[in-house]
Amino acid sequence: MEYTKILIVDDDQDMTMILGEILKQLGHDVSTAHNAEEAMTLIKTEEFFIVIADIHMPVISGIELLKWIKEFNSMIQVFIMTAHSNKATIVECLSSGATDYFEKPFRAEDIVLSMHAAIYRIQKWAKILMRPE
């Protein structure tokens, strides 16, 4: 899998640390934020290709963050994770542009497989956008 720049957003610091280490071991450049406001600041100043965000965070939820990201840069692939899900929430996330949705506890392999597909799409889009007209 190609290296990519990833932002993990979760108010659970243990989760950001564990997931961050898994992704770093795969060779990715990983940054973390512990709330949506911090994530928005990072996204405005750095170029992330993938954002993995928890749905339940104080002040601004993961769904609100997802919608903001898609307005800011629709090319960013956003993965949503949560320990408490229902059909309505899953549908809202996916219809708002989430690349994928994971329930905690999740298997790291599931995220990695879904990320492979997202990275492939990013590379494919980049090649198309870089072509001279």
Side-chain angles (χ1 to χ4, degrees):
M1 176 167 39
E2 295 269 333
Y3 140 91
T4 196
K5 191 160 171 120
I6 301 169
L7 175 62
I8 302 169
V9 188
D10 196 330
D11 57 334
D12 178 347
Q13 292 186 10
D14 290 337
M15 178 59 67
T16 58
M17 183 183 70
I18 292 166
L19 188 52
E21 285 304 313
I22 291 168
L23 297 173
K24 284 177 185 175
Q25 287 177 6
L26 293 171
H28 298 292
D29 181 3
V30 179
S31 297
T32 60
H34 299 294
N35 57 57
E37 297 93 332
E38 188 180 336
M40 290 172 172
T41 299
L42 288 170
I43 291 167
K44 288 177 188 175
T45 59
E46 298 181 40
E47 187 175 16
F48 293 98
F49 297 100
I50 294 176
V51 174
I52 303 171
D54 186 34
I55 203 167
H56 296 288
M57 294 184 287
V59 186
I60 298 175
S61 74
I63 293 175
E64 292 171 294
L65 177 62
L66 163 65
K67 291 175 181 177
W68 180 88
I69 291 169
K70 287 303 181 176
E71 281 187 29
F72 181 79
N73 181 348
S74 63
M75 300 294 279
I76 297 173
Q77 303 294 289
V78 182
F79 295 80
I80 297 293
M81 57 185 175
T82 185
H84 312 285
S85 67
N86 58 54
K87 283 184 185 179
T89 303
I90 294 169
V91 168
E92 182 177 8
C93 288
L94 295 176
S95 66
S96 295
T99 303
D100 209 341
Y101 186 94
F102 300 102
E103 287 187 286
K104 295 177 188 176
F106 53 80
R107 293 177 349 147
E109 299 85 28
D110 292 338
I111 288 184
V112 170
L113 286 173
S114 191
M115 280 182 46
H116 275 279
I119 291 168
Y120 173 78
R121 278 192 302 278
I122 291 165
Q123 291 171 340
K124 184 171 115 179
W125 295 336
K127 286 177 186 174
I128 291 169
L129 293 172
M130 299 294 276
R131 279 190 211 148
E133 294 193 36

Seminar exercise, completed: To the nearest 0.5 Å, atom CG of D14 lies from atom OG1 of T16 at 7.5 Å

Exercise. Same hydrophobic cluster for M75 and V78, using side-chain heavy-atom links shorter than 4.5 Å among ILVMFWY?
Worked result: no

Problem set entry | Separation of I52 CD1 from Q77 CD (nearest 0.5 Å) | 11.5 Å

For this session: Verify the cluster assignment for M57 and I90: are they in a single hydrophobic cluster under the rule of side-chain heavy atoms below 4.5 Å apart?
Result: yes

Problem set entry | hydrophobic_cluster_shared for Y120 and I50, side chain cutoff 4.5 Å | no

Problem set entry | From NZ (K24) to CG (L19), nearest 0.5 Å | 10.5 Å

Exercise. Relative to each other, are the rings of F72 and W68 parallel, tilted or perpendicular (30° and 60° limits)?
Worked result: parallel

Exercise. Side chain of E64, backbone of I60: donor and acceptor closer than 3.5 Å?
Worked result: no

Exercise. Hey, is the main chain of I76 close enough, under 3.5 Å, to the side chain of K70 for a donor-acceptor pair?
Worked result: yes

Seminar exercise, completed: Output for pair (H56 NE2, D10 CG), nearest 0.5 Å, gives 11.0 Å

Exercise. Are V30 and F49 connected in the hydrophobic side-chain network, where two residues link if heavy atoms are under 4.5 Å apart?
Worked result: yes

Exercise. How close do C93 and I63 get, heavy atom to heavy atom, and via which atoms?
Worked result: SG-CG1, 3.7 Å

Problem set entry | Closest approach of E46 to S31 (non-hydrogen atoms, all atoms of both residues) | OE1-OG, 4.1 Å

Exercise. Hey, are the side chains of E92 and K67 touching, using non-hydrogen atoms and a 4.5 Å cut-off?
Worked result: yes

Exercise. Does CD belonging to E109 count more than 12 external heavy atoms closer than 6.0 Å?
Worked result: yes

Problem set entry | Taking every non-hydrogen atom, the tightest pair across V9 and A36 | CG1-N, 4.2 Å

Exercise. Atom CG in L113, atom CE in M115: separation rounded to 0.5 Å?
Worked result: 10.5 Å

Exercise. Would you say the side chain of F48 lies within less than 4.5 Å of the side chain of I43, judging by non-hydrogen atoms?
Worked result: yes

Seminar exercise, completed: Scanning both residues in full, the closest heavy-atom pair of L7 with A33 reads CD1-N, 4.0 Å

For this session: Measure the shortest side-chain to side-chain distance between I55 and S61 over non-hydrogen atoms and say whether it is less than 4.5 angstrom.
Result: no

Seminar exercise, completed: The reported gap from CD1 in I8 to CG in D54 (rounded to nearest 0.5 angstrom) is 12.0 Å

For this session: Kindly indicate whether the side chain of I111, heavy atoms from C-beta on, has any atom under 4.5 Å from the side chain of F79.
Result: no

For this session: Show which residues join I18 in its hydrophobic cluster (side-chain heavy-atom contacts under 4.5 Å, direct or indirect), or state none.
Result: I22

Exercise. If you group Ile, Leu, Val, Met, Phe, Trp and Tyr by side-chain heavy-atom gaps below 4.5 Å, do I80 and V59 land in one group?
Worked result: yes

Problem set entry | Heavy-atom check, side chain of H28 versus side chain of I119, under 4.5 Å | yes

Problem set entry | 4.5 Å side-chain heavy-atom contact, Y101 and T89 | yes

